[in-house]
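Throughout, a chain's letter reflects where its sequence line sits, starting with A, and its residues are numbered from 1.
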Amino acid sequence: MKRVLITSALPYINGIKHLGTLVGSMLPADVLARFSRARGHETLFICATDEHGTPTELAALEAGKDVRTFCDEQYALQKNACERFHLSFDHFGRSSSAQNRELTQHFARQLWKNGFLEVRTSKQVYSIGDGRFLPDRYVIGTCPHCGYDRARGDQCENCTRVLDPVDLINPRSAVSGSTEIDIRDSTHLFLKQSEFVPQLRAFIDSHRNDWPNLVTSIAYKWLDEGLQDRGITRDVEWGVPVPDDIGDGKLKGKVFYVWFDAPIEYIGATKEWADAINNNSWKTWWYGPESKDVTYYEFMGKDNVPFHTVGFPVTVMGSSEPWKLVDRLKGFNWLEYEGGKFSTSQHRGVFMDDALSLPLPVDYWRYWLMANAPESSDSNFTWEHFAGVINKDLNDVLGNFVNRVTKFCVARFEGRVPSEGEYGEEEKALCAELDQRIKAYTEFLEGLEFRKAMGELRAIWVAANEYITRAAPWTHFKTDRTRAAVGIRMGLNLVHLFGHLSWPVMPTAARAIHTAIQEAPSIIPWPDEPMAQFLDQLEPGQAINPPEVLFSKITDEQVGEWRMRFSGTAAI
RNA sequence: GGCAGCGUAGCUCAGUGGUAGAGCAGGGGAAUCAUAAUCCCUUGGUCGGGGGUUCAAAUCCCUCCGCUGCUACCA
């Protein structure tokens with residue numbers, strides 16, 4: 001059997017994520033996972049929280065909690081939000097797990113043994129006031145180029161110049177404001193990425209045709225600009241400790257950089273999954289000949305691309321062990337909010353918990369986000385657009401079709417699948433169109449072209465409305481009951497079809513639609529049969545159960561209220 | 001500053017050498033099963049500006065303008 005391994009970029013632990021994070025990694029990965037399961041592939045869908053690093057330590061400090069407790073709480077929040085969005089992870093792990101610690105240390109030992117790690121001493125910013133080393137961007141001061149007085153140590157936001165923290169005039173800690181800033185030597189491990197350029201280039205070249213242009217162009221850019229060796233350790237507390245046997249004991253107290261251990265957590269979380277169910281198959285997904293039948297998909301926003309096309313592959317290649325590299329890498333652009341950026345600090349835009357707090361089915365979000373995924377360029381969420389799409393596509397085109405067909409069946413055919421008559425030319429033409437559209441829909445999902453896939457799904461709903469208009473059972477019923485019966489039987493079969501086709505993107509609505517016709521399995525299988533067969537499978541005489549109103553519309557008042565509420569400035 | 005992506009109808013976007021497309025919105029009509037929901041027809045664009053290559057350019061090349069992102073210690 002074909003095996004499909006899917007990972008979503010790990011959401012950082014520091015607070016609930018906004019819709020941009022959802023649309024750029026977790027949600028499309030979920031749609032693929034469901035699609036893959038529906039087709040009968042053995043599927044493993046993995047995600048986790050990315051917990052280590054300075055921002056976590058500082059957020060915990062601010063919250064007055066120890067880091068572990070802070071992460072435990074945030075993990076629970078994020079896991080809950082993901083569940084409520086019906087993200088069907090087989091396992092939602094944590095990069096702070098024992099499994100990840102073990103694997104991260106293992107990879108580091110392999111790299112050290114193979115000579116791909118080097119101990120180097122570099123100058124780091126130390127804040128005496130905070131009693132800790134600070135990442136460059138946590139030092140602020142006056143820009144030596146433009147005089148902007150809140151320039152960050154890595155880059156001036158005002159003149160966009162790249163800076164070194166030692167260049168700042170009047171440097172101070174962004175954490176405490178302390179001006180007691182010291183530059184101290186610190187010893188770190190560097191990963192010799194530069195030695196892997198030919199191998200990486202060959203790797204990227206081999207995926208020119210099956211990765212988005214966005215992804216390969218980012219990867220080539222890094223290679224073309226001259227790949228530098230990268231520090232993979234940090235002077236912080238919260239992380240995977242560097243083992244004593246690496247670096248001749250010179251790295252005592254250091255931890256690995258979060259970007260070193262985070263991708264390894266894809267594997268770590270797989271082991272967490274296996275350990276939790278006492279199953280020792282985790283390695284067959286990742287390692288050696290046993291993983292040959294696995295196709296591995298990664299999903300991420302464009303900011304993550306360098307780490308997945310360069311950093312992580314170097315870790316894997318440098319281990320000289322046969323760990324699996326990604327096969328299909330899907331990258332996304334940004335989702336904007338009402339023409340601007342989502343802002344975590346100003347709480348501008350819709351976050352996962354916000355979306356869940358509104359009286360809207362989760363499937364509204366899932367459908368809109370996939371239909372408007374930022375694939376070829378950044379895309380923009382506006383309440384007006386969201387309401388327009390939901391009201392038209394889900395309420396009018398899909399929901400109303402289910403409603404009109406099932407209601408008519410109850411009114412005129414005793415709520416049972418009518419038995420009279422045979423399918424004719426109209427039905428044959430419909431089947432031919434749907435065969436073609438479903439093929440296209442399937443291929444778009446296989447090709448990870450979600451926006452186009454949703455367009456095709458919508459076109460399928462429209463085709464059903466066109467058919468029922470031509471078949472006009474309400475007209476024929478008065479003079480030719482048999483002809484009306486044929487139209488309604490086809491209509492009911494179409495409703496059943498929608499339960500199948502909509503499941504990967506709208507699991508709850510799909511289940512409700514399917515249940516209108518008959519009980520739904522937990523995984524609603526993909527329709528592989530020709531439509532002439534699939535759309536003629538409901539047993540005549542079988543009772544149906546028209547659902548309560550499937551969807552309801554978003555009102556102008558709601559649009560106005562929510563636009564105000566999430567603007568990030570009006571909220572006081 | 002450098003690099004990358006983007007710029008196509010009022011809006012959101014497809015289209016990478018061969019007569020400019022879809023959905024929404026707008027206009028007209030049909031139908032009355034249905035959540036006034038649907039279906040049919042239709043208005044609308046010198047494809048960001050300019051130059052070039054070509055029998056032919058939204059598409060390839062040059063240049064300019066605009067927007068966005070990245071620029072390696074935030075993740």
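- For A:A464, the side chain to side chain contact (heavy atoms under 4.5 Å, CB included) partners are A:F401, A:L494, A:F498, not counting sequence neighbours.
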Run the side-chain contact (heavy atoms from CB on, under 4.5 Å) test on A:R208 and A:Y220 for me, step by step, so that the C-alpha distance in whole Å, both residues' side-chain angles and the decisive distance to 0.1 Å come before the verdict.
CA-CA 10 Å; A:R208 271 196 114 119; A:Y220 281 127; 3.5 Å; yes
Determine, stepwise, if the pair A:I554 / A:N391 fulfils side-chain contact (heavy atoms from CB on, under 4.5 Å).
CA-CA 7 Å; A:I554 300 170; A:N391 290 347; 3.9 Å; yes
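- Contacts of A:R458 with the nucleic acid, taken as non-hydrogen atoms under 4.0 Å apart, involve only primed sugar atoms and P, OP1 or OP2.
- When heavy atoms are screened at a 4.0 angstrom cut-off, A:Q228 is found touching base atoms of the nucleic acid.
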Walk me through whether A:K192 and A:E118 qualify under side-chain contact (heavy atoms from CB on, under 4.5 Å).
CA-CA 7 Å; A:K192 296 197 216 168; A:E118 197 170 272; 3.2 Å; yes
Intra- and interstrand pairs of RNA chain B - dot-bracket, Watson-Crick/G-U under 3.5 Å, | marks other strand:
((((((((.[[[[.)..(..]]]].(((((.......))))).....[[[[[..)....]]]]])))))))....
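- Nucleotide B:rA14 holds its C1' atom 16 Å from the CE atom of A:M454, rounded to whole Å.
- Distance A:K553 NZ to B:rU35 P: 12 Å, rounded to the nearest Å.
- Distance noted for atom P between B:rG23 and B:rC3: 41 Å (whole Å).
- In this entry the distance linking CD of A:E336 with C1' of B:rC6 reads 11 Å, nearest Å.
- Remark: the backbone N or O of A:E384 is not paired with any side-chain donor or acceptor of A:R563 at under 3.5 angstrom.
- Across all strands, A:F477 comes closer than 4.0 Å to no nucleic acid atom at all (heavy-atom distances).
- Partner of A:K254 under the side-chain contact (heavy atoms from CB on, under 4.5 Å) criterion, chosen from A:V236, A:L189, A:I232, A:D235: A:D235.
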Check the pair A:R404, A:W474 against side-chain contact (heavy atoms from CB on, under 4.5 Å), reporting the backbone distance first and the verdict last.
CA-CA 10 Å; A:R404 68 199 295 208; A:W474 47 87; 3.6 Å; yes
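- Residue side chain A:F408 fails the stacking definition with respect to B:rC33, as its ring centre and the base's six-membered ring centre are not both under 5.5 angstrom apart and under 30 degrees in plane angle.
- Counting to the nearest Å, the C1' atom of B:rU38 and the OH atom of A:Y467 are 15 Å from each other.
- Among B:rC74, B:rU38, B:rA75, the nucleotide with an atom closest to any side-chain atom of A:D303 is B:rA75.
- A heavy atom closer than 4.0 Å to some atom of RNA chain B occurs in no member of residues 485-498 of chain A.
- Backbone-only contact: A:V462 has heavy atoms under 4.0 Å from sugar-phosphate atoms and none from a base.
- Within the nucleic acid shown, A:W259 comes within 4.0 Å of at least one base atom, counting heavy atoms only.
- The side chain of A:R404 sits closest to B:rU38 out of B:rG69, B:rA72, B:rU38.
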Which letters describe nucleotides 7-13 of chain B, given B = protein heavy atom under 4.0 Å from base, S = only from sugar-phosphate, - = neither?
-----SS
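- A:P473 comes within contact range of no nucleotide atom at all, as no heavy-atom separation falls under 4.0 Å.
- Within the nucleic acid shown, A:G231 has no heavy atom closer than 4.0 Å to any nucleic acid atom.
- Using a 4.0 Å heavy-atom cutoff across all strands shown, A:K123 reaches no nucleic acid atom at all.
- By the salt bridge (charged side-chain N to carboxylate O under 4.0 Å, His left out) test, A:E446 pairs with A:R39, sequence neighbours left out.
- Looking at heavy-atom distances under 4.0 Å, A:G226 makes contact with a base.
- Scanning residues 389-396 of chain A for heavy-atom distances under 4.0 Å to RNA chain B yields A:K392, A:N395, A:D396.
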